[in-house]
Amino acid sequence: MSGPATTTLLTLRDATGDDFPAIQAIYAHHVLTGVASFEETPPSADEMRTRHAAVLSHGLPYLVAEFDGRVAGYCYATPYRPRAAYRFAIEDSVYVDDTLRGRGVGRALLQALIARCEHGQWRQMIAVVADNGSGGSLSLHTDAGFELIGTLRAVGFKHGRWIDTTLMQRELGVGDRARPEGADNVL
């Protein structure tokens with residue numbers, strides 16, 4: 001006879017101020033041990049809160065996933081570049097607690113981020129994937145409909161080695177098949 005069935009619940013929601021110690025710990029792990037971020041010194045929880053405010057100031061989403069009641073990962077979108085002509089393109093970032101990789105947390109976060117961004121003015125989402133997606137990011141983005149655009153060779157140097165970045169892109173909504181609202185407001 002088996003014991004009671006257990007169900008693990010994954011919940012996605014907007015990030016709140018209380019989430020930043022966990023967000024900072026997840027990010028610090030990636031900064032110190034991986035190449036998903038090209039930062040070399042983990043920022044503080046207060047700095048992560050400042051970055052969160054910057055994301056929100058652009059009207060972009062910043063989401064967390066809770067797995068069994070704890071923050072299991074987070075994602076957000078940022079403007080792809082600061083120049084006005086790029087205003088309809090955004091870049092995604094997804095980070096998952098290393099102990100929970102392979103459980104669908106990243107997939108759920110990225111799908112939710114795409115869905116939220118498709119309700120805004122944005123038409124293209126860019127992914128910058130380091131090290132040929134060795135951590136699973138390449139397949140995560142491919143499964144979410146991103147296409148390979150190209151590879152920038154040896155643009156980062158971290159952990160004593162050169163690192164490539166792969167650019168991927170995905171249409172949001174109607175993409176470039178129609179002019180975006182407000183496109184005529186800037187010369």
Side-chain angles (χ1 to χ4, degrees), residues 10 12-58 60-82 89-114 117 125-144 146 149-169:
L10 182 67
L12 302 176
R13 60 175 174 75
D14 290 329
T16 68
D18 293 338
D19 296 321
F20 284 93
I23 287 171
Q24 191 277 338
I26 290 168
Y27 188 61
H29 172 81
H30 287 282
V31 168
L32 294 172
T33 65
V35 294
S37 168
F38 277 18
E39 284 193 77
E40 296 180 304
T41 302
S44 68
D46 285 340
E47 172 60 21
M48 297 298 284
R49 282 185 187 94
T50 299
R51 294 177 187 188
H52 171 252
V55 167
L56 297 183
S57 76
H58 293 286
L60 290 160
Y62 197 119
L63 308 173
V64 296
E66 285 186 345
F67 192 81
D68 279 345
R70 70 178 177 116
V71 174
Y74 68 98
C75 67
Y76 56 89
T78 55
Y80 176 61
R81 297 278 172 98
I90 54 179
E91 181 179 338
D92 76 287
S93 293
V94 179
Y95 293 94
V96 175
D97 182 320
D98 197 54
T99 65
L100 297 172
R101 287 183 55 207
R103 296 186 187 199
V105 175
R107 179 180 313 273
L109 281 166
L110 184 56
Q111 288 172 349
L113 185 68
I114 291 166
C117 290
M125 184 176 278
I126 309 298
V128 181
V129 178
D131 210 18
N132 299 314
S134 61
S137 290
L138 198 65
S139 62
L140 172 70
H141 284 87
T142 299
D143 291 348
F146 285 76
I149 300 303
T151 299
L152 302 172
R153 304 266 178 230
V155 294
F157 188 82
K158 187 173 177 184
H159 301 309
R161 64 185 180 92
W162 289 106
I163 303 164
D164 300 342
T165 58
T166 299
L167 298 178
M168 301 183 80
Q169 183 174 345

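Note that this is a predicted model, so its numbers are computed, not measured. Positions are given from 1, in the same order as the sequence printed here.
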Measure the spacing between [atom1] of [X] and [atom2] of [Y] and express it to the nearest 0.5 Å.
{"X": "Q111", "Y": "L12", "atom1": "CD", "atom2": "CG", "answer": "9.5 Å"}
{"X": "I90", "Y": "M125", "atom1": "CD1", "atom2": "CE", "answer": "4.0 Å"}
{"X": "R81", "Y": "E91", "atom1": "CZ", "atom2": "CD", "answer": "8.5 Å"}
{"X": "L152", "Y": "D164", "atom1": "CG", "atom2": "CG", "answer": "8.5 Å"}
{"X": "I149", "Y": "Q169", "atom1": "CD1", "atom2": "CD", "answer": "4.5 Å"}

Can you list everything that forms a salt bridge (charged side-chain N to carboxylate O under 4.0 Å, His left out) with D46? Sequence neighbours excluded, please.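 Salt bridge (charged side-chain N to carboxylate O under 4.0 Å, His left out) check on D46 returns R49.
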
By salt bridge (charged side-chain N to carboxylate O under 4.0 Å, His left out) - contacts of R13 (at least two apart):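 If we apply the salt bridge (charged side-chain N to carboxylate O under 4.0 Å, His left out) test to R13, skipping adjacent residues, the hits are D19, E66.
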
Mind checking what makes side-chain contact (heavy atoms from CB on, under 4.5 Å) contact with [X], not counting sequence neighbours?
{"X": "L32", "value": "P42"}
{"X": "P79", "value": "H58, L60"}
{"X": "H52", "value": "A15, F20, L56, Y62"}

Please answer whether the main-chain N or O of [Y] pairs with a side-chain N or O of [X] as donor and acceptor at a distance below 3.5 Å.
{"X": "Q24", "Y": "P43", "answer": "yes"}
{"X": "T142", "Y": "S139", "answer": "no"}
{"X": "D97", "Y": "G73", "answer": "no"}
{"X": "T151", "Y": "R153", "answer": "no"}

NZ/NE/NH1/NH2 to OD/OE distance under 4.0 Å, K158 and D131: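 The answer is no: the pair does not qualify as a salt bridge.
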
Contact between D92 and H141 at the side-chain level, heavy atoms closer than 4.5 Å - yes or no?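 D92 vs H141: side chains touch.
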
Check whether any side-chain heavy atom of I126 sits under 4.5 Å from a side-chain heavy atom of M168, and report yes or no.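 Side chain of I126 against side chain of M168, heavy atoms only: no contact under 4.5 Å found.
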
Could you pull out the closest heavy-atom pair between [X] and [Y], with the gap in Å?
{"X": "A108", "Y": "L10", "value": "CB-CD2, 3.6 Å"}
{"X": "I114", "Y": "F146", "value": "CD1-CE1, 3.9 Å"}
{"X": "P61", "Y": "V55", "value": "O-CG1, 3.6 Å"}
{"X": "C75", "Y": "L113", "value": "SG-CB, 3.9 Å"}
{"X": "S137", "Y": "V129", "value": "CB-CG1, 3.7 Å"}
{"X": "A144", "Y": "L110", "value": "CB-CD2, 3.6 Å"}

Going through the checks in order, is the side chain to side chain contact (heavy atoms under 4.5 Å, CB included) test met by F38 and I163? CA-CA 9 Å; F38 277 18; I163 303 164; 3.8 Å; yes

Any ring pair (Phe, Tyr, Trp, His ring centres under 6.0 Å) involving residues 92-114? Give me the pairs, sequence neighbours left out, ordered by first then second residue.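 Residue pairs passing ring pair (Phe, Tyr, Trp, His ring centres under 6.0 Å), neighbours aside: Y27-Y95, H30-Y95, Y74-Y95.
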
Working for side chain to side chain contact (heavy atoms under 4.5 Å, CB included), residues L100 and R70: CA-CA 11 Å; L100 297 172; R70 70 178 177 116; 3.6 Å; yes

Under the criterion side chain to side chain contact (heavy atoms under 4.5 Å, CB included), I'd like the reasoning laid out for I26 against V71: C-alpha separation, chi angles, the key distance, then a yes or no. CA-CA 9 Å; I26 290 168; V71 174; 4.0 Å; yes

